[in-house]
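Just so it is clear: chains get the letters A, B, ... in the order the sequence lines come, proteins before strands, and each one is counted from 1.
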Amino acid sequence: MAQGDRSIRVRYAPSPTGALHLGGARTALFNYLYARQQGGKFLLRIEDTDRARLKQGSQSSIEEGLRWLGMEWDEQPIIQSERKEAYAKAAQGLLESGAAYRCFCTPERLEQMRAEQRARHEPERYDRRCRSIPREESDRRAEAGERFVIRQAMPLEGATTFHDLVMGTVTFRNDTLDDHVLLKSDGFPTYHLAFAVDDHESRISHVIRGDGWLPSAPKHLLLFQAFNWLPPAFAHVPLVLGPDKKPLAKRHGAKDVLEYRDAGYLPEAVDNFIAFLGWSPGTEEDVLAIDELIARFSIEKIQASPAVANLERLDWLNGQFIRRLSADELASRIAPRFSGVTADALRPLMPLVQERLRTLNEATEMLRFFFEEPRDYRPDQLVPKGRDANGTAAVFQAAAERLRRLPAWDHDTVEHELRALAEHLGWSSRDLFMALRVAVTGRTVTPPLIESMAHLGQAPVIARLERASASLSNAPER
RNA sequence: GCCCCCAUCGUCUAGCGGCUAGGACACGGCCCUUUCAAGGCCGGAACGGCGGUUCGAUUCCGCCUGGGGGUACCA
């Protein structure tokens with residue numbers, strides 16, 4: 001088992017077959033939090049030994065996702081496809097020690113073998129035919145150019161037990177383990193070999209990975225033993241499920257984390273959200289920034305059961321984090337989503353929306369009227385229930401008149417004047433404010449009206465009131 | 001089929017033999033209120049089943065059931 005004198009080194013090791021999705025991001029985050037908390041290193045390793053499944057651009061999109069979520073990795077990423085020789089050398093060593101053997105079976109024979117096993121309801125495993133080939137014969141055939149793979153020779157009896165930091169003690173009977181392939185006939189390693197070689201060489205202390213790997217963990221442990229290397233500690237974290245209880249994977253439109261960025265979510269919120277999927281600090285705290293997550297994280301508190309991603313909670317969290325931002329911060333995060341509007345122009349408006357945002361993208365709809373004239377008014381929105389168009393048009397005129405005469409243009413003055421107007425007209429402030437709201441903003445849902453008017457400015461407000469009035473006068477009476 | 005893992009409100013979870021089973025999201029109600037939010041208060045809502053162990057099980061053990069994963073010259 002891992003000894004205490006080894007420093008903490010962990011890694012996130014995606015294969016570049018797609019984007020970084022929530023589940024992958026969570027695995028990465030657990031590694032990252034642990035490394036940062038322990039003052040260790042967080043490494044990135046690209047597992048691209050399956051050249052058939054490589055996807056162009058995948059690596060850079062995964063890296064972009066990690067950076068967006070604030071997970072900077074230490075050291076140069078390890079690219080497995082560049083390390084073919086290291087794996088071949090390691091496999092050769094195993095051949096020498098007898099922990100592995102060459103297998104010359106053809107894919108066709110293997111397929112037939114499996115078909116027969118299936119028919120007999122037996123476990124589908126390699127039948128170890130080549131395991132008994134004498135070493136000299138094996139060498140001769142290899143030299144003669146015959147194609148082969150290298151398989152790990154599993155112990156035929158006994159059991160392999162290890163302690164998983166999340167799952168607890170796990171035991172496998174050795175005779176159920178397959179003599180799986182370590183080195184493919186194309187010279188590339190399989191995951192298993194590359195995993196052991198790389199984790200050993202980069203002195204990984206803790207392997208925190210998805211629990212899909214749990215069934216092969218005993219093989220990995222045995223592999224470390226075969227190399228006579230000290231194995232890392234293991235922590236298998238359960239899957240993240242979608243709302244349909246199915247694993248969150250490509251199959252049901254699993255999302256690239258960058259899509260959350262584009263949809264207006266803050267990386268802080270996404271980090272918090274995924275951290276709490278299968279983990280909790282054991283307290284009642286729930287809105288934690290990344291440094292707080294780092295301080296509280298512990299592998300032992302990771303849940304052994306899978307978690308269903310509840311996106312409604314992400315919305316709520318995002319609102320919480322938005323509310324914690326300074327006006328400056330918020331403005332600069334919204335600005336890029338708002339074409340033609342600068343953070344400077346946005347900043348004074350932030351107090352109007354900060355309390356009501358769930359995503360950054362909602363800000364553009366809420367604030368658009370500050371930068372654009374309302375488009376066509378809808379009379380049914382402009383005219384309160386029980387009032388008529390002419391009357392309402394007159395009210396807009398009256399409001400414009402009163403506002404034009406105001407000596408100062410600030411919140412209190414405007415509010416006082418408008419409330420007086422409502423009183424004078426015999427309108428409820430509710431009706432009056434709604435009508436004015438639509439006239440000034442073109443919408444029925446907006447930030448608080450008076451503040452909005454104060455920020456918009458006297459002249460634009462009056463102009464919009466007159467325009468709204470005119471639109472009603474011109475409208476055909478019904 | 002075989003191997004392995006998992007199991008508390010709808011969801012995320014706290015719990016680590018004795019609790020009125022706690023919190024959060026969502027939901028419902030009330031308050032606040034110029035819309036929408038935010039905020040405050042209140043409410044409904046869970047230990048999958050059966051056996052053990054024990055004075056006592058949500059908690060420990062076994063079985064069942066139900067989920068999930070693995071079973072490739074994929075990771």
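- Close to B:rA75, at under 4.0 Å from its OP1 or OP2, lies no side-chain N or O of A:Lys55.
- Between the C1' atom of B:rG68 and the CG atom of A:Asp211 lies a distance of 8 Å, rounded to the nearest Å.
- Remark: of the listed residues A:Phe234, A:Phe172, A:Tyr191, A:Tyr191 is the sole one forming a ring-ring contact (aromatic ring centres under 6.0 Å, His included) with A:His220.
- Taking the nucleotide of RNA chain B with the nearest heavy atom to each of A:Glu284 and A:Glu355, the more 5' of the two is matched to A:Glu284.
- Checked by distance alone, A:Arg313 brings no side-chain donor or acceptor within 3.5 Å of a matching partner on the base of B:rC12.
- Nucleic acid contact class of A:Phe276 (heavy atoms, under 4.0 Å, all strands): sugar-phosphate only.
- The partner of B:rC2 is B:rG70, by the rule that a Watson-Crick or G-U pair needs both atom distances under 3.5 Å.
- Using a 4.0 Å heavy-atom criterion, one finds that A:Arg151 contacts the sugar-phosphate atoms exclusively.
- Using N1 to N3 plus N6-O4 or O6-N4 for Watson-Crick, or N1-O2 and O6-N3 for G-U wobble, each under 3.5 Å, B:rC36 pairs with nothing.
- A:Pro14 comes within 4.0 angstrom of no nucleic acid atom, judged by non-hydrogen atoms across all strands.
- More than 12 heavy atoms of other residues, nucleotides or ligands sit less than 6.0 Å from atom CZ of A:Arg109.
- The partner of B:rA14 cannot be assigned: no Watson-Crick or G-U wobble pair with both contacts below 3.5 Å exists in any strand.
- Among B:rG39, B:rU35, B:rC2, the nucleotide with an atom closest to any side-chain atom of A:Gln320 is B:rG39.
- Electrostatic pairing of A:Glu362 and A:Arg358 does not count as a salt bridge here, judged by no charged N lying under 4.0 Å from a carboxylate O.
- Across the strands present, B:rC41 finds its partner in B:rG29; the criterion is a Watson-Crick or G-U wobble pair with both atom distances under 3.5 angstrom.
- For A:Arg358 and B:rA38, the shortest distance from a side-chain N or O to OP1 or OP2 is below 4.0 Å.
- Phosphate contact (OP1/OP2 of B:rA37, side-chain N/O of A:Arg323, threshold under 4.0 Å): absent.
- For the pair A:Trp316 CH2 and B:rG23 P, the interatomic distance rounds to 14 Å; values are reported in whole Å.
- You'll find the side chain of A:Leu330 reaches within 4.5 Å of the side chain of A:Leu360, heavy atoms only.
- Among the atoms of the strands shown, none is found under 4.0 Å from any heavy atom of A:Thr283.
- Dashed line: the shortest gap from a side-chain N or O of A:Gln303 to OP1 or OP2 of B:rA14 is under 4.0 Å.
- Residue-level contact check: A:Lys301 touches the backbone only, with heavy atoms under 4.0 Å from sugar-phosphate atoms and none from bases.
- Under 4.0 Å is where a charged nitrogen must lie from a carboxylate oxygen, and between A:Arg118 and A:Glu111 at least one such pair does.
- We find that A:Glu157 and A:Arg173 are not joined by a salt bridge, their nearest charged nitrogen and carboxylate oxygen being 4.0 Å or further apart.
- For B:rG51, the paired base is B:rC61 (Watson-Crick or G-U wobble, both distances below 3.5 Å).
- Rounded to whole angstrom, the span from the NZ atom of A:Lys184 across to the C1' atom of B:rC74 amounts to 7 Å.
- Taking 4.0 angstrom as the limit, A:Arg118 places none of its side-chain polar atoms (N or O) nearer than this to OP1 or OP2 of B:rC2.
- Protein atom CG of A:Leu314 is 14 Å distant from nucleotide atom C1' of B:rU11, rounded to whole Å.
- Counting distance only, with no hydrogens placed and no angle test, the side-chain atoms of A:Ser185 and the base atoms of B:rC73 include a donor-acceptor pair under 3.5 Å.
- One P atom belongs to B:rC74, the other to B:rG70, and the distance between them is 16 Å to the nearest Å.
- Atom-to-atom, NE2 of A:His236 to P of B:rG70 comes out at 12 Å; the value is rounded to the nearest Å.
- Cation-pi geometry between A:Arg151 and A:Tyr126 is met: under 6.0 angstrom from the ring centre, within 45 degrees of the axis.
- When the C1' atom is compared between B:rG15 and B:rG22, the two are found 9 Å apart, to the nearest whole Å.
- Remark: B:rC9 base-pairs with no nucleotide in the shown strands. Criterion, Watson-Crick or G-U wobble with two distances under 3.5 Å.
- Rounding to whole angstrom units, CZ of residue A:Phe433 and C1' of B:rU35 are separated by 11 Å.
- The A:Asn310 side chain lies nearest to B:rU11 when the options are B:rC12, B:rU11, B:rG1.
- Atom name C1', nucleotides B:rC16 and B:rC32: the rounded distance is 42 Å, in whole Å.
- Within 4.0 Å (heavy atoms only), A:Pro107 reaches at least one base atom of the nucleic acid.
- The nearest whole Å value for the distance from the NE2 atom in A:His180 to the P atom in B:rC73 is 11 Å.
- Ranking B:rC74, B:rA14, B:rU34 by closeness to the A:Glu451 side chain, first place goes to B:rU34.
- Here the C1' atom of nucleotide B:rA75 and the NE2 atom of A:His220 are 10 Å apart, to the nearest Å.
- Few gaps surround CG on A:Asp410; more than 12 heavy atoms of other groups in view lie less than 6.0 Å from it.
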